[in-house]
Amino acid sequence: MNFSYKKNQTHWVVSVHKLLSIALFWVVIASYFSINTSAYAALDLELTQGVDAAIPIAVVPFVNEQSNLPGQETLSQVIRRDLGNSGQFVVKTANNKNTADDLSYWQHQKVDAVLQGQIKTMTDGRYQVSFRLLSVFNQNKQEGNQEAPLLAQQYQVAQAGLRRLAHHISDLVYHKLIGVRGVFSTKVAYVLVQPHPHQLTEYSLEVSDIDGFNPHTLLKSTQPIMSPAWSPDGQHIAYVSFEGNRASIYLQELATGMRRQLIHYPGVNGAPAFSPDGQRLAVVLTLAGSPNIYIYHLSTGKLQQITHGYSIDTEPAWAADGNSLVFTSNRGGTPQIYRYSFAGGTIERLSFEGNYNARASFALGGQSLVMMHRETGLFGIASERLDSGQVEVLTQTGLDESPSVSPNGRMVIYATQYGGRGVLALVSMDGGIKLRLPAREGDVREPAWSPFL
Amino acid sequence: MKKVISLACVSVLSLSLAACSTKKPAHVPERPASDYEMGAQTYALPGQPGYQGNQYEFYKNPMTAPANQTYYFAYDSNVMRSNGLRELKIQADYLVTHPAARVRLEGYTDDRGSREYNIGLGWRRDQSVAHFLEQQGVRPQQIKMVSYGKERPAALGETEKAWALNRRVNLVYEKK
């Protein structure tokens, strides 16, 4: 199945208007997939807003490619979808092979670069995939079409690995043209809630690719599941489960599905967060009577209380250097963000705008915080620059919660409501790119973006 | 098929709760896992007289004991109000005269706010009810507390009524 972009024969005037019609196109395509490929994508990604300064790029069908990726897509289709959904590219293609290979044609179409490739079936049934990314504006034209490509790679991969390879190529192209590491190969953990009439509600902890494909269930339960947290090596997920009518923190190994009930003191056991070196887990316990932050040392089992007192302290998130963590506390009256520094054991307040700030984490290489934020009565997601304290609201529907930052620090995934259902959504740190990721059924919540895998 | 079996288990839960929850195998979804093995067990939740999900009226607490209770709170508050205290005191008196009896307090909030922060607010409500019970002479070891925050709402929707129905502590008698 190869979708032709006949509209793209003429040069696009990139505007929000046109990008909305692209979004509509993708919504139609996504709903087509929901009918035919429900086995492969539990979440449907829809771009709802892209940047005005998107880079025009051509991604042409790879020679000999087939619709044999999960979801019945071709390799180049997945790459086109990745780059288009990043909101930072306007992606064009051409079905006619002569056109596809003609760099002067693409120059006329005013694209910046062309991605082309080919696939050969090897004797053992695997595929040899090669691609190259060509700049349209190359200097050494005197040798005809012999420009040095921006990128050129070759891989051998089984059919089962084709989709992952497509995401990897998207990552390489993104990195080359944008200068930032791509997140197309990352995953998201989330909680899926499916109420059943006259039966117990079903809670699931799932992990899927960041584009919504390839979902896997890690846990099914009739009791709530909360706060999934990835280990820095991507091998484990910690989460809160209410099995047995009590809160416990479990640690589950992804490759095997084996888990242990790691932290289960009386009372609250909540908000697990791995330190960047993977050696410690920040958790919330009520051992001293009120919810406070504790550090649990994974190798020794040693527990260290780092906040004290009557307030509600919760939602710890580590700085990348592991020397401090931010957390939510109502010690000042309403929930605000504070930072605990391990060096001196000092605590300082970081948020001062709005009467409710919670669930903060670091973004943009530690320059900013992203948090759940309320002003004028509406809950939304906001960023705050740590040097200036300047707050920018990224989204504010009144129902936005649980933000989680991408490992390249550029994108935020969060939970919200749309059409009366719990959905996930993404927004870029500058607020310019927005996507929605509704589940095929049930309500999705509490996303946790994986590290680079 | 497994879903049908588990449905049958749930529907006769009043008769054979223990059997359902201990004999159930690990719940394996239909799709084979290529990257990950499937997660662990599901646990049947015994039905709890005294509250139901999606009930849209305030629960009328019985004046007999032992009887599960639902006690309600005002917005952003864990202050005990007089409405319902009489019924709660009846449970406290029962617990005092039956020192082997155990209760579990489940604290909840309405659906506004951050999930883990709301666990803390639900905890505060548990503490208020526990404090009241202890003032009546109930021993702390008879009381177990868990906070669900805004999980497991009793009522859905962004309305004052739904919010009021969710700001609660359930008092549930536990089998020894």
Side-chain angles (χ1 to χ4, degrees), chain A residues 39 160 195 198-205 207 214-224 226-227 240 242-247 250 252 254-259 266-268 270-271 284 286 289-291 311-315 328 330 335 356 358-359 372 374 379 398-399 401-402 445-446, chain B residues 2-3 6-7 9-11 13 21 24 26-48 53-54 76 104 106-107 111-124 126-127 144-153 156-158 172 174:
Chain A
H198 314 300
Q199 292 177 57
L200 298 171
T201 296
E202 188 182 318
Y203 298 85
S204 311
L205 177 66
V207 171
N214 207 20
H216 286 94
T217 304
L218 303 186
L219 175 69
K220 277 190 198 276
S221 178
T222 54
Q223 287 269 28
M226 288 177 62
S227 305
V240 177
F242 286 83
E243 301 162 49
N245 297 312
R246 41 123 354 111
Y250 287 82
Q252 186 159 333
L254 294 176
T256 61
M258 305 284 291
R259 67 171 188 169
V268 174
V284 176
T286 48
S290 287
S311 54
I312 297 172
D313 302 327
T314 185
E315 301 175 332
T328 309
N330 67 348
Y356 193 118
R359 197 135 172 164
M372 187 177 172
R374 183 178 66 189
F379 282 110
L399 300 164
E401 60 177 41
S402 305
R445 57 173 66 145
E446 299 231 68
Chain B
K2 287 204 169 90
K3 265 207 156 77
S6 61
L7 185 69
C9 262
V10 167
S11 58
L13 51 79
S21 57
K24 197 186 291 289
H27 190 116
V28 180
E30 288 87 38
R31 184 167 45 256
S34 53
D35 291 348
Y36 310 122
E37 287 295 313
M38 284 309 123
Q41 312 226 351
T42 58
Y43 295 81
L45 173 69
Q48 298 289 348
N54 295 321
D76 204 25
R104 180 175 73 245
E106 301 177 345
D111 74 346
R112 293 172 288 184
S114 183
R115 285 186 190 273
E116 282 284 4
Y117 182 76
N118 280 9
I119 295 287
L121 293 178
W123 178 258
R124 288 274 181 252
D126 281 341
Q127 285 181 304
K144 192 176 110 176
M145 304 197 301
V146 57
S147 171
Y148 284 92
K150 63 187 206 178
E151 308 301 310
R152 294 209 320 193
L156 301 174
E158 307 303 309
V172 179
E174 289 198 316

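Chain letters run A, B, ... following the sequence lines, proteins first and then strands; every chain starts at 1.
Ranked by heavy-atom pairs under 4.5 Å with chain B, the list Ala271(A), Pro266(A), Ala247(A) is led by Ala271(A). Chain B forms the most heavy-atom pairs under 4.5 Å with one residue out of Ala358(A), Ala160(A), Ser402(A), Gly270(A), and that residue is Gly270(A).
A donor-acceptor contact shorter than 3.5 Å is absent between the side chain of Tyr117(B) and the backbone of Asn330(A). The backbone N or O of Ser290(A) sits nowhere less than 3.5 Å from a side-chain atom of Gln127(B) that would complete a donor-acceptor pair.
The part of Leu399(A) that comes within reach of chain B is its side chain, from C-beta onward, which places non-hydrogen atoms under 4.5 angstrom from that chain. Contacts of Val240(A) with chain B are made by side-chain atoms alone, with heavy-atom separations under 4.5 Å and no backbone atom involved. Heavy-atom distances place no part of Ser204(A) under 4.5 Å from chain B, backbone and side chain included. Contacts of Arg112(B) with chain A are made by both backbone and side-chain atoms, with heavy-atom separations under 4.5 Å.
Contact between Gly113(B) and Tyr356(A) at its shortest, heavy atoms only, is CA-OH, 3.3 Å. When all heavy atoms of Val146(B) and Asn245(A) are compared, the closest pair comes out as CG1-O, 3.9 Å. A pairwise comparison of heavy atoms in Trp123(B) and Pro291(A) identifies CD1-CD, 4.0 Å as the closest pair.
Gln223(A) CD to Arg152(B) CZ: the interatomic distance, rounded to the nearest 0.5 Å, is 4.5 Å. Going from atom CZ of Arg115(B) over to atom CZ of Arg445(A) covers 4.0 Å, rounded to the nearest 0.5 Å.
Between Glu116(B) and Arg359(A) there is no salt bridge, since no side-chain N of the basic residue sits under 4.0 Å from a carboxylate O of the acidic one.
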